[in-house]
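Working notes, beginning with the structure itself.
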Amino acid sequence: MNGLIRAGVSCLRTGAAHYLTRPAGGRVLSAPARFLCASADQQKDLGTMVKKDKVVVFMKGTPAQPMCGFSNAVVQILRMHGVDNYAAYNVLEDQDLRQGVKEFSNWPTIPQVYFNGEFVGGCDILLQMHQNGDLVDELKKLGIESALLDAEKESK
């Protein structure tokens, strides 16, 4: 409930309009306009966040201190490929962000990985891409050469 109130207040602070209507029953209806506004603002913010960097991860904890095994696995996979420069957002610090990113991607779990603003998937998808070699190709499309390619070249 506090999150909904904060979202409504945030929406009102931004100067967004909301309308009070009084249907035939005499009840005042105002919540839908406020919450639609807050939801739209959050979706717009998330759209900006996922495009901020080539690689963006919404996770539990931070890359330096992941707070769940799945988030840790994503960090380790990226590290193996030499991807150290990416935006990471700790969803444990903001419950609105945690729920909002799930709605934004239509994906129910955290962590969530984005490449160039496009949703890739969670831990299981990233692990599968790592195992079948697709991750190397996707990183190359981002202009990132996987460290695993360098290690492969050195071993030959």
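Start at 1 with the first residue, then count along the sequence. These numbers come from the heavy atoms of this one structure, side chains and all, not from hydrogens, waters or symmetry mates.
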Show me the side-chain donor-acceptor pairs of residues 125-132 shorter than 3.5 Å, one per line, residues at least two apart or across chains.
from   : atom 1 : to     : atom 2 : distance (Å)
His130 : ND1    : His81  : NE2    : 2.8
Asn132 : OD1    : Asp134 : N      : 2.9
Asn132 : ND2    : Gln128 : O      : 3.4
Asn132 : ND2    : Asp134 : OD2    : 3.4

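Ser71 contributes no side-chain N or O that, together with a main-chain N or O of Pro66, makes up a donor-acceptor pair within less than 3.5 Å. The closest donor-acceptor contact from the side chain of Lys51 to the backbone of Gly117 lies at 3.5 Å or more, if one exists at all. Listed for the Asp94 side chain is a donor-acceptor partner under 3.5 Å among the backbone atoms of Leu97.
Once rounded to the nearest 0.5 Å, the distance linking CZ of Phe115 with NZ of Lys54 reads 12.0 Å. Interatomic distance, CG of Asn90 versus NZ of Lys60, reported as 10.5 Å (0.5 Å rounding).
Taking all atoms of both residues into account, the shortest heavy-atom contact from Pro111 to Val74 is CG-CG2, 3.6 Å.
Lys102 meets the side chain to side chain contact (heavy atoms under 4.5 Å, CB included) test with Arg98, Gln99, Ile110, Gln112; sequence neighbours excluded. Among residues two or more places apart in sequence or in another chain, the side chain to side chain contact (heavy atoms under 4.5 Å, CB included) test is passed with Ala88 by Met59, Pro63, Tyr86. With sequence neighbours excluded, the residues forming a side chain to side chain contact (heavy atoms under 4.5 Å, CB included) with Gln65 are Thr62, Met67, listed by chain and number. Residues satisfying the ring pair (Phe, Tyr, Trp, His ring centres under 6.0 Å) test with Phe119, not counting sequence neighbours, are Trp107, Tyr114.
Val57 and Leu92 fall into different hydrophobic clusters, where Ile, Leu, Val, Met, Phe, Trp and Tyr residues are linked whenever their side-chain heavy atoms come under 4.5 Å apart, directly or through other members.
Checked against Val83 for a side chain to side chain contact (heavy atoms under 4.5 Å, CB included), the options Leu135, Leu139, Leu142 give a single hit: Leu139.
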